Amino acid sequence: MADEKGREKQATPNEISAETGQFDARFMLWRRFCADNDIAVDTLPGDLKGKAKELWESLKNEQLHKDSQS
C-alpha cells in the first residue's frame with residue numbers, strides 16, 4: 001500500500017476514447033465548465049490562469065475523482 005501512495009499518477013491522455021467518444025466524462029465536464037465560465041471550448045485546461053484555473057481544478061477533482069475515492 002505504501003508503494004501506491006509514492007507512485008506518481010499516470011497522466012490521462014487528452015484524447016477521445018473509442019469506447020465513450022465525445023461523451024467521455026472529462027470532455028463533457030470541460031464543455032460544461034467552458035459554457036458556464038464563458039471560456040472557448042478549444043482552450044486547453046493547461047492554458048487557464050488565476051481563478052478560472054482554480055475553479056477547473058476544484059470541479060475536476062470533485063466530479064471526476066469522486067468515484068475513485070470510495
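Since we're looking at a predicted model, the values are computed, not measured.
The ring of Trp30 has its center no closer than 6.0 angstrom to the ring center of Phe27.
The main-chain N or O of Leu55 is never found under 3.5 Å from a side-chain atom of Ser58 such that the two would form a donor-acceptor pair. In this structure a side-chain-to-backbone donor-acceptor pair under 3.5 Å is missing from Asp47 to Thr43.
Between Ala40 and Cys34, the shortest heavy-atom contact is O-SG, 3.8 Å.
Distance check: Arg31 CZ to Arg26 CZ gives 11.0 Å after rounding to the nearest 0.5 Å. Once rounded to the nearest 0.5 Å, the distance linking CH2 of Trp56 with CG of Leu29 reads 4.0 Å.
In the displayed structure, Asp38 atom CG is contacted under 6.0 Å by at most 12 heavy atoms of other residues, nucleotides or ligands.
Sorted by first and then second residue, the salt bridge (charged side-chain N to carboxylate O under 4.0 Å, His left out) pairs with a member in residues 50-59 read Glu57-Lys60; sequence neighbours excluded.
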